[in-house]
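Shown next, in structure tokens, is the structure this report addresses.
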2 protein chains.
Amino acid sequence: MGATKSDHFTQKQNDIAAIAKALAHPARVAILEYLLKVDACICGDIVNELPLAQPTVSQHLKELKTAGIISGNIEGNAICYCIDEKVWEKNRKIFETLFERINKKKTNCC
Amino acid sequence: MGATKSDHFTQKQNDIAAIAKALAHPARVAILEYLLKVDACICGDIVNELPLAQPTVSQHLKELKTAGIISGNIEGNAICYCIDEKVWEKNRKIFETLFERINKKKTNCC
DNA sequence: AATGTTTATCGTAATATTGCAATATTGAAA
DNA sequence: TTTCAATATTGCAATATTACGATAAACATT
């Protein structure tokens, strides 16, 4: 097998898993941290910033784009990537909600 | 290849990626949501709760355990799993910090 | 001790991910 | 238009993940 049985889970559960999956590689975390840092959407500098070949970076960017986390704008022959603030905020809330649920827990066995 | 080049990234980036990876499957999200819900650490009920075979659930539990998110306690011949509140809180902060960094961003190109 | 219950592990098949060289594409500059 | 620079895509190899049947291990019950 190897294929995730996403049909059997709720939309919410699949959504959370999808966002987490986008963050589940240090290169993609590094890309996002870089985009957060530069306070502007510098483009192919990302390739220079990362210890990975250009096609690999391009692939990671594609995954982040597919997840909706970043978007790319053509600027001349370069492409300017940046974080989609709306999606970022939405995802922030999703994780906040998940992590806050622990408060409702009262008893414990371990 | 297929092996992540974790050596080239910071500890923090690898940490974030590792936590995200643990959450990057709907079954594991479902397990955590169940553990959050039951307000006590019921054990093999998880298998009944999920649409997956027992060995598969056991494997997912192992991954969550390896990530430090849950811990298991032997109770007779059953095992009682629950969320490690300390780790949960630590992870909550890590994600909160990551997602909050967006505020420092001022300009935007897309 | 024999049996049943619960969970883990092993083995294996199917699929997904990661990484990069080679190449294509697109727009800028000469 | 030829050339250069920046990105994307393709193709492929290596590795990881997901899933489950079969089986083992640990303990409780009979």
Side-chain angles (χ1 to χ4, degrees), chain A residues 1-9 13-14 17-31 34-35 41-67 70-82 109-110, chain B residues 1-9 13-14 17-31 34-35 41-67 70-82 109-110:
Chain A
M1 313 269 161
T4 296
K5 289 178 133 191
S6 41
D7 297 358
H8 303 296
F9 299 98
Q13 285 162 351
N14 282 311
I19 304 163
K21 204 171 190 174
L23 301 175
H25 194 290
R28 293 195 288 272
V29 174
I31 289 171
Y34 183 69
L35 288 176
C41 4
I42 292 151
C43 333
D45 299 335
I46 297 167
V47 174
N48 298 323
E49 196 74 8
L50 296 194
L52 295 170
Q54 179 268 321
T56 308
V57 173
S58 191
Q59 198 173 302
H60 284 303
L61 285 168
K62 193 180 177 186
E63 280 172 67
L64 288 171
K65 214 162 89 181
T66 302
I70 66 174
S71 59
N73 237 31
I74 298 169
E75 287 204 348
N77 63 348
I79 293 182
C80 171
Y81 279 108
C82 65
C109 75
C110 20
Chain B
M1 313 272 160
T4 295
K5 288 179 134 192
S6 40
D7 298 359
H8 303 295
F9 300 97
Q13 286 162 350
N14 283 310
I19 304 163
K21 204 170 189 175
L23 301 176
H25 193 290
R28 293 194 288 273
V29 174
I31 289 170
Y34 183 68
L35 288 176
C41 3
I42 292 152
C43 332
D45 297 336
I46 298 169
V47 174
N48 297 324
E49 197 73 8
L50 296 194
L52 295 170
Q54 179 267 320
T56 308
V57 173
S58 192
Q59 199 173 301
H60 283 303
L61 285 168
K62 193 181 176 184
E63 280 171 67
L64 289 170
K65 214 162 90 181
T66 301
I70 65 173
S71 60
N73 237 29
I74 298 167
E75 288 204 347
N77 63 347
I79 294 184
C80 173
Y81 278 108
C82 63
C109 76
C110 19

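Every chain is numbered from 1, with letters handed out A, B, ... down the list of sequences.
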Could you write out each protein N or O paired with an N or O of nucleotides 26-30 of chain C at a distance under 3.5 Å?
none

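Between the side chain of S58(A) and the backbone N or O of Q54(A) there is no donor-acceptor pair closer than 3.5 Å. A distance-only check finds no donor-acceptor pair linking the side chain of R28(B) to the backbone of A17(A) [under 3.5 Å].
Listed by chain and residue number, E33(A), T10(B) satisfy the side chain to side chain donor-acceptor pair (under 3.5 Å) test with Q13(B) (two or more places apart in sequence, or in another chain).
The phosphate of dT17(C) (OP1 or OP2) has no side-chain N or O of K21(B) nearer than 4.0 angstrom. The side chain of T56(B) places no N or O atom within less than 4.0 Å of a non-bridging phosphate oxygen (OP1 or OP2) of dT18(D). Listed pair H60(A) / dG19(C) meets the phosphate criterion, a side-chain N or O lying under 4.0 Å from OP1 or OP2.
Taking every side-chain heavy atom of A3(B) into account, dT15(D) is the closest of dA22(D), dA21(C), dT15(D). Taking only side-chain atoms of Q54(B), from C-beta outward, the nucleotide of dC20(C), dT7(D), dA8(C) with the closest atom is dA8(C).
Side-chain atoms of Q59(A) stay outside donor-acceptor range of the base of dA8(D), with no qualifying N/O pair under 3.5 Å.
Residue T4(A) is classed as a sugar-phosphate contact, given heavy-atom separations below 4.0 Å to backbone atoms only.
The aromatic rings of F9(B) and H25(A) stand perpendicular to each other, their planes meeting at an angle above 60°, with 30° marking the opposite boundary.
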